[in-house]
Amino acid sequence: MASGMAFGVSHFAARVAARLLARVGVALAALVLPAATFAQAKPVLVGAAIAQTGYLADLAAATQKALELWRDDVNARGGLLGRPVELKLYDDSSDALRSTELYEKLVTVDHADLLVGSFGSAATSMAAAVAERSRRVMVNATGASPEIHRRVYRYLFQVPPPADTTAAGVLPLAAKAGLTQVAVIARDEGSARTLVEQLRRDAPKLGAVIRPTQLYVTDSRLGFAPFAKLLAPTAPGVVVSPANIYDTADLVRGFKAAGFTPKLFITPGVAQPGFTKRIGQDAEYAVGFSSYEPLAATPGNAAFAKAYRTRYKAAPDFYAACGWAAGGVIEAAVARAGSLEQEKLRAAFAAVEVPTVLGGYKVAPDGSQVAATAFLVQILRGRREVIWPEAHRSATPVIPAPEWNRRKPL
């Protein structure tokens, strides 16, 4: 009897085990089959010509790395329209003139579904002409020149902030601090004229009292320290310059020697690597223009910066951020279009609005970027902190900057 019961229990257990194994098998098949289908699906081909050799290669490498990081990330999440993303990247050898033939090849031979513009504004402009003739959507990932989008390109869509919006945060920051007198120190160069034009263009938006009231321009190859001394008697609250790291350091030394502390001092040189090492603690409270910051509190930026560092053992720069943002915009536009048909894609890229690590993506009718803008960073305790736009800042700005004789050693 006991033997018969044992046999019955054993037989029952075997049947239960068989049913469980069958169910597990079905579940595993349900997991494996979609994966197999995804792997076998025709890839969505994203093509670009990016400098891999030549004088631009070192800079362009970051964009390529970020695109490859995005490709792997989006494929891990199911790809585009249920299909894997494949990158087709040609080397234009840092020669903008090669863009035409390489993009013709991407369109006519490779049949790329989406195009990403070449590295930089000049090459992107050449590539855009091919995209326009072919009626193929192209994402302008790194071309910041506003001149590109002043041409009639219906298929080109810009991701980075335009170069003529670099100083967009200067007057809002000054106005919030109650500063109304702005002085500009610069050499007689295009960057100086662009900066002054931008400040004068933006001034009416915040009131006529906020405007550049002084301009010292010099052709001299000497340092800027003498001009710092000239400014001291008038004591403008805001001093702005398109100065590089060397001229910026010279200005700071000149301010200190003259005993003059601008309440707000802003130059691109402040955000360049090595600025704080060059002048030490005197760099404190200076503000710089920056097109991208790993610390910026933009959507997804912390995760992107971490993933980039983990994979490439280096912090992402502006060109890396452009590549990653371009991938995110592609993802959003394809999802909106629900198709790779070019006219539907063109309409989607024109209409979609999506946050990016650069701040945002939204384009004007000419395809130029209107949502992303350059950041302002301030040196606080020896570290660059984002202080503008407020929505993305990593620290509260210190304005006005403390007088030289009231600063405590760090």
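One-based numbering along the sequence shown.
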N/O donor-acceptor pair under 3.5 Å between E104 side chain and S99 backbone: no
Short side-chain to backbone donor-acceptor contact, Q369 and K362, under 3.5 Å: yes
CA sep, side-chain torsions, deciding dist, call: F265, L251, side chain to side chain contact (heavy atoms under 4.5 Å, CB included): CA-CA 10 Å; F265 172 54; L251 270 174; 4.0 Å; yes
Test item: F304 and D73 side chains (from C-beta on) under 4.5 Å apart, heavy atoms: no
Exercise: identify the closest heavy-atom pair between S94 and T53: OG-O, 2.7 Å
Plane angle bin for F260 and F255 - parallel if under 30°, tilted between 30 and 60°, otherwise perpendicular: perpendicular
Check against side chain to side chain contact (heavy atoms under 4.5 Å, CB included), V44 and L81: CA-CA 9 Å; V44 176; L81 304 178; 5.6 Å; no
Aromatic plane relationship, H392 with F375 - under 30° parallel, 30 to 60° tilted, over 60° perpendicular: perpendicular
Verdict with supporting geometry, R133 and T100, side chain to side chain contact (heavy atoms under 4.5 Å, CB included): CA-CA 11 Å; R133 288 196 303 271; T100 299; 4.2 Å; yes
V329 vs V354, side chain to side chain contact (heavy atoms under 4.5 Å, CB included): CA-CA, chis, key distance, verdict: CA-CA 7 Å; V329 171; V354 62; 4.2 Å; yes
Side chain proximity check, Y103 to M138, heavy atoms < 4.5 angstrom: yes
Pair R151 + E132: basic N to acidic O under 4.0 Å: no
Donor + acceptor pair across side chains of S368, Q158 (<3.5 Å): no
Sub-4.5 Å side-chain heavy-atom contact between L171 and L199: yes
Whether Q378 side chain and Y285 backbone form a donor-acceptor pair below 3.5 Å: yes
Side-chain ion pair, R407 and E284, N-O less than 4.0 Å: no
Euclidean distance, M126 CE relative to D92 CG, rounded to 0.5 Å: 10.5 Å
Gap separating the CZ atom of R311 from the CG atom of D72, nearest 0.5 angstrom: 4.5 Å
R150, CZ atom: more than 12 neighbouring heavy atoms under 6.0 Å: yes
Contact check, side chains of V240 and L195, non-hydrogen atoms, under 4.5 Å: yes
Donor-acceptor side-chain pairing of T63 and T142 below 3.5 angstrom: no
Donor-acceptor contact present, side-chain E353 to main-chain G360, <3.5 Å: no
Separation between NZ of K105 and NZ of K88, rounded to the nearest 0.5 Å: 7.0 Å
N/O donor-acceptor pair under 3.5 Å between N405 side chain and G259 backbone: no
Y312 side-chain N/O to K65 backbone N/O, donor-acceptor pair under 3.5 Å: yes
Validation row: R83, L340 side chains within 4.5 angstrom (heavy atoms): yes
Test item: E385 side-chain N/O and R393 main-chain N/O as donor-acceptor pair under 3.5 Å: no
V363 vs H149 side-chain heavy atoms within contact, under 4.5 Å: no
Heavy-atom closest contact (A320 atom, P316 atom, distance): CB-CB, 3.9 Å
Residue from Y319, F318, Y90 passing ring-ring contact (aromatic ring centres under 6.0 Å, His included) with F119: Y319
Over 12 non-hydrogen atoms of neighbours within 6.0 angstrom of CZ in R77: yes
Residue pair V130 / L115, side-chain heavy-atom distance below 4.5 Å: no
Nearest atoms (heavy-atom pairs only) where P160 meets C322: CB-SG, 3.9 Å
Non-hydrogen atoms of V85 and R71 that approach each other most closely: O-CG, 3.5 Å
Side-chain donor or acceptor of R98 paired with backbone N/O of D91 under 3.5 Å: yes
Approximate separation, where rounding is to 0.5 Å, of L376 CG and T166 OG1: 10.0 Å
Side chain S125, main chain S121, donor-acceptor under 3.5 Å: no
Pair D95, S93: side-chain N/O donor-acceptor within cut-off below 3.5 Å: no
Taking every non-hydrogen atom, the tightest pair across A66 and Y308: N-CE1, 4.2 Å
Test item: W388 side-chain N/O and G169 main-chain N/O as donor-acceptor pair under 3.5 Å: no
Minimal non-hydrogen separation, V386 against L295, with atom names: CG2-C, 4.4 Å
Inter-residue atom distance T267.OG1 - D247.CG, 0.5 Å rounding: 9.0 Å
Close side-chain approach of Y155 and R136, heavy atoms under 4.5 Å: no
Separation between CZ of F157 and CD1 of I330, rounded to the nearest 0.5 Å: 12.0 Å
